[in-house]
Amino acid sequence: MSDLLSSLNPSQQEAVLHFEGPALVVAGAGSGKTRTVVHRIAYLLRERRVYPAEILAVTFTNKAAGEMKERLEKMVGRPARDLWVSTFHAAAVRILRTYGEYVGLRPGFVIYDEDDQNTLLKEVLKELELEAKPGPFRAMIDRIKNRGAGLAEYMREAPDFIGGVPKDAAAEVYRKYQSGLRMQGALDFNDLLLLTIELFEQHPEVLHKVQQRARFIHVDEYQDTNPVQYKLTRLLAGERPNLMVVGDPDQSIYGFRSADINNILDFTKDYPGARVIRLEENYRSSSSILRVANAVIEKNALRLEKVLRPTRPGGEPVRLYRAPNAREEAAFVAREIVKLGNFQQIAVLYRTNAQSRLLEEHLRRANVPVRLVGAVGFFERREIKDLLAYGRVAVNPADSINLRRIVNTPPRGIGATTVSRLVEHAQKTGTTVFEAFRVAEQVISRPQQVQAFVRLLDELIEAAFESGPTAFFQRVLEQTGFREALKQEPDGEDRLQNVEELLRAAQDWEEEEGGSLSDFLDSVALTAKAEEPQGDAPAEAVTLMTLHNAKGLEFPTVFLVGLEENLLPHRNSLHRLEDLEEERRLFYVGITRAQERLYLSYAEERETYGKREYTRPSRFLEDIPQDLLKEVGAFGDSEVRVLPQARPEPKPRTQLAEFKGGEKVRHPKFGSGTVVAAMGGEVTVMFPGVGLKRLAVKFAGLERLE
DNA sequence: ACGGCTTGCCTTTTT
DNA sequence: GGCAAGCCGT
């Protein structure tokens, strides 16, 4: 037993030794959270004689689940394989694949992704003769389902118009969307959880069975659970909850997905008698980095006090670089990275995916290998989606969304007119589109192509039963001329590469997990973009990703770029305090990813949609005491003066003395102007020929003129 | 039926 | 500035 505890601090030990009853582990960034949970599970197995098949651990991503399982296997060996470690959604799929029929699910149900949702919504909108885009309706549907509130409740508070359509009509869109899903034997992502709850509520005996499999429950990243996940947890935990939740309210960054930070803040009310354990010692970051992190997060008003204590020495100062524009910012990042080397130890983090382009460009130009996480999903590429659609239809021929996707891919002479005639027939006779295809000779005059297509599908349906995913996709490729057709297209070679990559991914999956085509499709649907196969990515590469994707990770060196108003905090989050504070948490998450070296940067000019915009530095930078930052020039710590591009060091800062209206000032970029107003750390200055500018005194580098 | 072109929209973040 | 959807011409 000592080896389970000896390497842990007293709070971590307390968590590991906790046995029955509810417990909340408030675990600050880098405080050894995963380690603690892993040790706790090992402790349950070894010392408390709990069976592995009685333990459930819910993680935020499949990747996190995989890593936890791996660590457990190292620690306790074989029994780890019987542990249930998964995300909420993967757990729900497993439950529904077993018991789904109790709530009217067909065994071959498919999971619709965002794309499929949009396609279905477009059909619904057309049917209702509404001229609108699917986007807002998908947002509405997700909102309704993430809260688990139901349509009626949502409608009570909904705005009068949704997506430019009166809300009564929007409600009809919702209903039609739902019945569309049901008719096709499809579920969207959120349905997975909702239907599991329905199953548990209507069939207590099923809940009871699952509870046997989950006598000890762990929920990681509890601060990011939404009301539906909260309810599911409650149901599973039951009357005598052996529930340990782990999280950090300061890292709650999924409010947009209806994650409710109150779930973690109210845990002790929801589960009376819960033990509260705080992990506040940080083992990850140098104390200079940690001081910056603490300074930032303590500015949040809606927050429980908590300070992360450093265990590591000071280290290098946190650097700040002000770039004249986004290009220069990217060039700076690339230059510094070349100087640093050790690419796999470096991450560049940003708020929006769009920011990755410039960075990637400059890094590649500097011959730095790049691993771009999560931007364009592998499984979202058109050719991959097409192939997967064959699988979905073979598993569930009622899926007409995917059927229509493949009907003429590759082109086989079945055009739009033909399809719409057959779809109409299906609607009239109340059958599936595939059934209409079967009786094509009754509907259209030249049914040969359609009939050939039906024969192909029948073969594939059979193949889906008999073979695993790899063999299935190979068969599709052989029988459809998919490869040949792809080669004709622009970037055909690249796309073909992707196809080969899919085959490889399927093969890997069969070796590791194993299972049917349907299982493989589930696993694809549940895999986040950020966890996808990286095929060509070299081992030694710099990681580029959004702040959201960086949660839970750590890197010796981190670049946090684009620290500008309207980007971080994002322009859509400026108006409500909750949103603004979530942005600040996002910044905090970014800072706390860094172990040894942290660079912050912003650009004074940036193109958005190809339009040039002047920016202001992020207000979050003002949260950091100046003595914790070291401002660096375009070439890093050592000033380079000879190169013509080298910008002169900014003028010695004007002390933070207040400016007054009427004073003349000079700005390095805008020239001289007159102060119009000054408030807080901001001044508004009129620059002749440029216009009114609002500037942060701290960063504007204003010089007072006499 | 299909390919090439224009247009319009986009960017918050994702299991 | 890019990308997908929709238009138009063949």
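The chains referred to below are lettered A, B, ... by the order of the sequence lines, with proteins before strands, and numbering in each begins at 1.
Between Asn353(A) and dT11(B), a side-chain N or O to OP1/OP2 separation shorter than 4.0 Å is absent. In this model, the phosphate group of dA1(B) is approached by a side-chain N or O of Thr418(A) to a distance below 4.0 Å at OP1 or OP2. Between dT12(B) and His570(A), a contact under 4.0 Å exists linking OP1 or OP2 to a side-chain N or O. OP1 and OP2 of dT12(B) both lie 4.0 Å or more from every side-chain N or O belonging to Thr546(A). The shortest distance between the side-chain N/O atoms of Asn190(A) and the OP1/OP2 oxygens of dT15(B) is not below 4.0 Å. At dT14(B), one or more side-chain N or O atoms of Asn549(A) fall inside 4.0 Å of OP1 or OP2 (strictly under the cut-off).
Atom-to-atom, CG of Leu349(A) to P of dT12(B) comes out at 20 Å; the value is rounded to the nearest Å. Distance CD (Gln355(A)) to C1' (dT13(B)): 11 Å, rounded to an integer number of Å. Between the NZ atom of Lys133(A) and the C1' atom of dC3(C) there is a distance of 13 Å, given to the nearest Å. Ile141(A) places its CD1 atom 20 Å from the P atom of dT15(B), with the value rounded to the nearest Å. Rounded to a whole Å, the CZ atom of Phe256(A) is 13 Å from the P atom of dT11(B). In this structure, Gln223(A) places its CD atom 20 Å from P of dT13(B), rounding to the nearest Å. Taking atom CZ of Arg585(A) as the reference point, atom C1' of dT13(B) lies 13 Å away to the nearest angstrom. As rounded to whole Å, 16 Å separates atom P of dG1(C) from atom CZ of Arg606(A).
Taking atom C1' on both nucleotides, dT11(B) is separated from dG6(C) by 22 Å, rounded to a whole Å. Using C1' as the reference atom, dT12(B) and dA5(C) are 23 Å apart when rounded to the nearest Å.
Nearest to the side chain of Tyr254(A), among dT14(B), dT15(B), dC10(B), sits dT14(B). Between dT11(B), dT13(B), dT15(B), one nucleotide has an atom nearer to the side chain of Arg257(A) than all others, and that is dT15(B). With dT15(B), dG1(C), dT12(B) as the candidates, the nucleotide lying closest to the side chain of His89(A) is dT15(B).
Applying side-chain hydrogen bond (donor to acceptor under 3.5 Å, both in side chains) to Glu564(A) and the options Arg606(A), Arg616(A), Arg619(A) leaves one that passes, Arg606(A).
No contact: Arg571(A) has no heavy atom under 4.0 Å from any strand.
When each of Asn408(A) and His548(A) is assigned the nucleotide of DNA chain B with its nearest heavy atom, Asn408(A) is the one assigned upstream, toward the 5' end. Mapping Ile414(A) and Phe189(A) onto DNA chain B by nearest heavy atom places Ile414(A) closer to the 5' end of the strand.
For the pair Glu582(A) and Arg585(A), the salt-bridge criterion is met [side-chain N within less than 4.0 Å of a carboxylate O]. Note on Arg303(A) versus Glu581(A): no salt bridge recorded, every NZ/NE/NH1/NH2 to OD/OE distance being 4.0 Å or above. Salt bridge present: Lys33(A) and Asp220(A) bring a charged side-chain N and a carboxylate O closer than 4.0 Å.
When atom types are taken as modelled, the side chain of Thr615(A) and the backbone of Ala603(A) share a donor-acceptor pair closer than 3.5 angstrom.
Checked against a 6.0 Å centroid threshold, the rings of His548(A) and Phe256(A) count as neighbours.
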